[in-house]
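Remember, it's a predicted structure, so these values are computed and weren't measured experimentally. Numbered from 1 within each chain, the chains take letters A, B, ... in sequence-line order.
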2 protein chains.
Amino acid sequence: MAKKNISIKEIAKLSGVSVATVSRVINNNGRFSEETRKKVNAIIKEYGYTTNIAAKSLRTSQSKTIGLLVPNIDNNWFSHLVLEIERIFFEQNYSVFICNTSQDEKKEISYFKSLDAKIVDGIICIMGSEEVPTKYLNRDIPVVCIDREPKEISDAYYVESDHYDGGYQATSELINQGCKDIVFLSRNKPTSANKQRFNGYLAALKENHIKYRDELNVHIDVNLHSYEGAKNAIDKVIKKGIKFDGIFATNDWRAYGALAALKNNHIQVPQQIKIIGFDDIFISSMSIPSLSTIHQDTEKLAYTACHLLLQLIKKDDSSEIQKKYVLPIKVVRRESTQ
Amino acid sequence: MAKKNISIKEIAKLSGVSVATVSRVINNNGRFSEETRKKVNAIIKEYGYTTNIAAKSLRTSQSKTIGLLVPNIDNNWFSHLVLEIERIFFEQNYSVFICNTSQDEKKEISYFKSLDAKIVDGIICIMGSEEVPTKYLNRDIPVVCIDREPKEISDAYYVESDHYDGGYQATSELINQGCKDIVFLSRNKPTSANKQRFNGYLAALKENHIKYRDELNVHIDVNLHSYEGAKNAIDKVIKKGIKFDGIFATNDWRAYGALAALKNNHIQVPQQIKIIGFDDIFISSMSIPSLSTIHQDTEKLAYTACHLLLQLIKKDDSSEIQKKYVLPIKVVRRESTQ
DNA sequence: GTGAAAGCGCTAACAT
DNA sequence: ATGTTAGCGCTTTCAC
């Protein structure tokens, strides 16, 4: 029963060549005859040999593995991104350590150390704390951030959607549809992305000579799920009697939470109040009413981040490498703002 | 700039002891003085030493890493399970390779090989093909399946919810609320879990002397998202003029898709048609109407699987180990079946 | 085109 | 309580 993985040494013995030659054949490094290749490959196949990656990593200081830090995989937007990233690296023969940080800085640091110890070739991190804990890295490996601008620009590269423009476009859409009193609905601990969306919101108001009102800046308890938190928050606003005719929610789940609160209070969308979300999750096109939103190009975000990291890993400076990539967003107009 | 990870050897030199002693201190293996401990730890801290896991794995044939195969992380039920599993192993100082198989048998095999080569200490797999490809494993490591009964019982241990009872209870709930013509809504490529749910459905019908009708067994195209597929499928059933008064959907998203189709056709839930889902995803308690469903105890599922695997890894046979664990489900009655 | 041998960083058996 | 040393499986330099 006890299986034993066969080693290069044994392959060498069985095929009557040296370990060096076997290694060359496996890695296709040249300097072996066609005959040897056939012989060695036959034995490898026969015994189902697979190379011991621990040994290889130890020797080469490379693991063909990358680390991926994500705040919460139990969130459709993140999981979709993770899926894409995993797919891209799988194609390139890389494995991915997916690390769920739960927005916990301690866990983030712990993972950075652990990934470093595991000899990952690079790290991608999505959101989380502003400070990228690169100081816990003992090796010189590249780090690419998605959707978070690192405090120390020297620490990492990053790619993000144009959140400022997203906020601006979303607000403009509501204004163009006749809204004047627009709620900005976000969580109480703003991420850098949310700050930029807020700035976009302000810019759109200003451009249309609408005065900003603090009571319309509605915060959601960060400990609740977006949907539930938004539902509670908007319900409270209604009960307070604050007048508004539009809602810009900083993600689609928050928009749905708001929708639920309005429904419960017998307020009609979009007739009385218009809503726009952010992210364009799958359900947004199919719900009743369908939800207007800002579409982030997840695939492109993932693609850009992955290939940037791969370039950095391979120290490929043939093409120019930027420190920062900002990807365009687009407005998706649906029933909720018509 | 080029960082260099410090090794045990250098720690030894710096603290004036041998590498063996340093290793003992690090792993707390005894046979060193308090004085040495302090000295060594001081140096370790000063230089931010972390142990090279590749080397350690090579030496010990253990990696403190486990592999997790999941069909599709972009699905709330799976991502929730993954989150739990990751959390539990993190607490135990294990890392988790999360591998997204996309229901692709080739990818599954590829991951099995790769995990084996990476010296993972064990594997958890969720659903996927019936055949667990243990033959691609060159080392003797434990495999625990969640929600999938492996064909070869010898291949792996498994834990699952009581899907038969789930199907039975869901159908019974609809019957008790007065339904007679109950649609069974599932995807066209049934998983072993869905087969069992279907058997439960049949049993409940039989017990209540309701004849099974094939036209009420509605299949969803597996390539579509549950929500969209269900919406299309139920819309088609309505257009065909098939009479029904209840729907048992094999997951909550399918229930919501059905709900949307009914809404579009101006059919009221639960007044005209009652619906029950499966999984109890977060939105089900908050939607309008809230959704009756079968609750699977995800936390317990994760806990059971993880601790089973950990037991197997540690070859801990102090407590009895079963090959199979079946966890109870429970009915959650909400508005959609009232 | 092939082989011998060193060494990556670590643990553990054995010696003291 | 501490040190010496072999060796895990692999790559790579150097010699032929």
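- Ring centers of B:Tyr325 and B:Tyr157: at least 6.0 Å apart, outside the cut-off.
- In this structure, B:Lys64 places its NZ atom 16 Å from C1' of C:dC10, rounding to the nearest Å.
- To the nearest angstrom, P of C:dG9 lies 19 Å from NZ of A:Lys118.
- Within residues 46-56 of chain B, the residues approached by DNA chain C to less than 4.0 Å at the level of any non-hydrogen atom are B:Tyr49, B:Thr51, B:Asn52, B:Ala55, B:Lys56, in residue-number order.
- A:Ser7 comes within contact range of the sugar-phosphate backbone alone, with a heavy-atom separation under 4.0 Å but no base atom that close.
- Looking at B:Glu10 and B:Lys13, no side-chain N of the basic residue comes within less than 4.0 Å of a carboxylate O on the acidic one, giving no salt bridge.
- Rounded to a whole Å, the CG atom of B:Asn27 is 16 Å from the C1' atom of D:dT2.
- Electrostatic pairing of B:Asp121 and B:Lys64 does not count as a salt bridge here, judged by no charged N lying under 4.0 Å from a carboxylate O.
- Atom CD1 in A:Ile6 sits roughly 15 Å away from atom C1' in D:dC10 (whole-Å rounding).
- Between B:Ser61 and B:Arg37, it is B:Arg37 whose nearest contact on DNA chain D lies nearer the 5' terminus.
- Salt bridge absent: A:Lys39 and A:Glu35 never bring a charged side-chain N and a carboxylate O closer than 4.0 Å.
- Judged purely by distance below 3.5 Å, without hydrogens or angles, the side chains of B:Tyr136 and B:Lys113 never pair a donor atom with an acceptor atom.
- In this structure, B:Asn5 places its CG atom 13 Å from C1' of C:dC10, rounding to the nearest Å.
- Between the NZ atom of A:Lys38 and the P atom of C:dG1 there is a distance of 16 Å, given to the nearest Å.
- Under the 4.0 Å criterion applied to side-chain N and carboxylate O atoms, B:Lys107 and A:Glu86 are assigned as salt-bridge partners.
- A donor and an acceptor atom, one from each side chain of A:Asn27 and A:Lys56, are located under 3.5 Å apart.
- Between the side chain of B:Thr304 and the main chain of B:Lys300, a donor-acceptor pair closer than 3.5 Å is present.
- Outside the 6.0 Å centre-distance limit, the rings of A:Phe97 and A:Tyr111 are not counted as a close aromatic pair.
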Output one line per pair: protein atom, nucleotide atom from nucleotides 2-6 of chain C, and distance, for all N/O pairs under 3.5 Å.
unit_1	atom_1	unit_2	atom_2	d
C:dT2	OP1	A:Ser33	OG	3.3
C:dT2	OP1	A:Thr36	OG1	2.9
C:dT2	OP2	A:Ser33	N	2.7
C:dT2	OP2	A:Thr36	OG1	2.9
C:dG3	OP2	A:Ser18	N	2.7
C:dG3	OP2	A:Ser18	OG	3.1
C:dG3	OP2	A:Thr21	OG1	2.9
C:dG3	O6	A:Arg24	NH2	2.3

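- Atom NZ in B:Lys39 sits about 11 Å away from atom C1' in D:dT2, given to the nearest Å.
- Between A:Ile11 atom CD1 and D:dC10 atom C1' there is a gap of 13 Å when expressed in whole angstrom units.
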